[in-house]
Amino acid sequence: MAAQPGTGRTNQKQRTRTAIVAAARELIGSGAEVTMPRVARAALVSEATAYRYFPDLPSLIGEALAGVWPPPADALAPVADSADPVERIAFACEFLLRGILARQGAVRAMIAATITQPEAGSTRPGIRFGLIDHALLPLERTLGAADPDGFTQLKRDLAVAVSAEALFTLTDLCGLDPEQAVASAVHTATTLTEAAVRRVG
């Protein structure tokens, strides 16, 4: 059966796109700085070619990170049997921040790009929100039912503490080493959650 016109070209485009994403994923896994020129060199394409497939760095990083983070239920499997929201949020916070440290080149690039291009913010994975929601499941029938606004505010407060921005503030501006920074963020997250638990205790 003869190949359909354009099939070869379509396949080549797909191979090129796959190579660019794979190169980005490898850079992300190394923890190195992730830039479009670096990705293009690793993928053996020109920077212009990389930009034809991905209009900006956030869109490329977003695709490269797709599937790298497990679903919240899988991430929190070690505390699945715990009904203690404080224990669960501590685990979720540490899980997220250690994952960020392992991929900080990409995370920093994503943050930098979305600060200068706020409209690109929608390309950020938003992993924290799923982890926070899942960690706080035990509070849905208590705080969530008794004080829905307070429950929503707790999630917002935690979104500030359980974040790459908080982690990099602690390492870059406060001078903490990564272990100290993770411990500090976990302390903040658990303190916020403990206060919420006491309100419905």
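The basis for the numbers below is simple: all heavy atoms, side chains too, and nothing from hydrogens, waters or symmetry mates.
Considering CG of Leu176 and OG1 of Thr171, their distance stands at 8.0 Å, rounded to 0.5 Å. Taken from CD in Gln104 to CG in Leu167, the straight-line distance is 7.5 Å, to the nearest 0.5 Å. Ile111 CD1 to Ser163 OG: the interatomic distance, rounded to the nearest 0.5 Å, is 8.0 Å. To the nearest 0.5 Å, the span separating OG on Ser59 from OH on Tyr51 amounts to 9.5 Å. Considering CE of Met110 and CG of Asp56, their distance stands at 9.0 Å, rounded to 0.5 Å. Atom CD1 of Ile89 is separated from atom CZ of Phe95 by 13.0 Å, given to the nearest 0.5 angstrom.
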Check residues 130-150 and write down every donor-acceptor pair under 3.5 Å in which the side-chain atom is one partner and the other belongs to a residue at least two apart or another chain.
unit_1 : atom_1 : unit_2 : atom_2 : d
Asp133 : OD1    : Lys155 : NZ     : 3.2
Thr142 : OG1    : Leu139 : O      : 3.2
Asp147 : OD1    : Gly150 : N      : 2.9

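Residue pairs meeting the side-chain hydrogen bond (donor to acceptor under 3.5 Å, both in side chains) criterion with at least one partner in residues 26-37, sequence neighbours excluded, are absent. Judged as a salt bridge (Lys or Arg N to Asp or Glu O under 4.0 Å), the pairs with a partner in residues 61-74 (not counting sequence neighbours) are, in order, Arg17-Glu63.
Under the rule for a side-chain hydrogen bond (donor to acceptor under 3.5 Å, both in side chains), the partners of Arg15 that lie at least two apart in sequence or sit in another chain are Gln12. Legend: residues meeting salt bridge (charged side-chain N to carboxylate O under 4.0 Å, His left out) with Arg128, ordered by chain and number and at least two apart, are Glu165. Partners of Ser46 by side-chain hydrogen bond (donor to acceptor under 3.5 Å, both in side chains), not counting sequence neighbours, listed by chain and number: Thr49.
Electrostatic pairing of Arg199 and Glu194 does not count as a salt bridge here, judged by no charged N lying under 4.0 Å from a carboxylate O. The existence of a salt bridge linking Asp172 and Arg108 is confirmed by a sub-4.0 Å separation between a basic side-chain nitrogen and an acidic carboxylate oxygen.
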Next item on the list: Starting from the C-alpha separation in whole Å, work towards a yes-or-no answer on side chain to side chain contact (heavy atoms under 4.5 Å, CB included) for Trp69 and Leu96.
Entry: CA-CA 9 Å; Trp69 291 91; Leu96 178 74; 4.0 Å; yes
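Between Arg103 and Val34 there is no side-chain heavy-atom pair separated by less than 4.5 Å. Under the 4.5 Å side-chain criterion, counting only non-hydrogen atoms from C-beta, Val21 is not in contact with Tyr53. Residues Phe168 and Leu173 fail the side-chain proximity criterion, which asks for heavy atoms closer than 4.5 Å.
When all heavy atoms of Ala80 and Arg88 are compared, the pair lying nearest together is O-NH1, 3.8 Å. The minimum heavy-atom distance linking Val107 with Ala164 is given by the pair CG1-CB, 3.6 Å. Between Ala161 and Leu192, the closest heavy-atom pair is CB-CD1, 4.4 Å. Considering all non-hydrogen atoms of both residues, Thr190 and Ala90 come closest at CG2-CB, 3.5 Å. Considering every non-hydrogen atom in both Phe91 and Pro78, the closest pair reads CZ-CG, 3.5 Å. Between Ala106 and Ile28, the closest heavy-atom pair is CB-CG1, 3.4 Å.
Cluster membership for Leu101 and Leu170, using ILVMFWY side-chain heavy atoms within less than 4.5 angstrom, is not shared. In the hydrophobic clustering of this structure, Ile100 groups with Ile115; members are Ile, Leu, Val, Met, Phe, Trp, Tyr whose side-chain heavy atoms approach within less than 4.5 Å, directly or through other members.
Cys93 pairs in a side-chain contact (heavy atoms from CB on, under 4.5 Å) with only one of the listed residues (Val162, Thr188, Leu158), which is Val162.
Checking side-chain atoms of Arg25 against main-chain N and O of Ala64 turns up a donor-acceptor pair under 3.5 Å. Arg38 places no side-chain N or O within 3.5 Å of a backbone atom of Leu27 that could act as its donor or acceptor partner.
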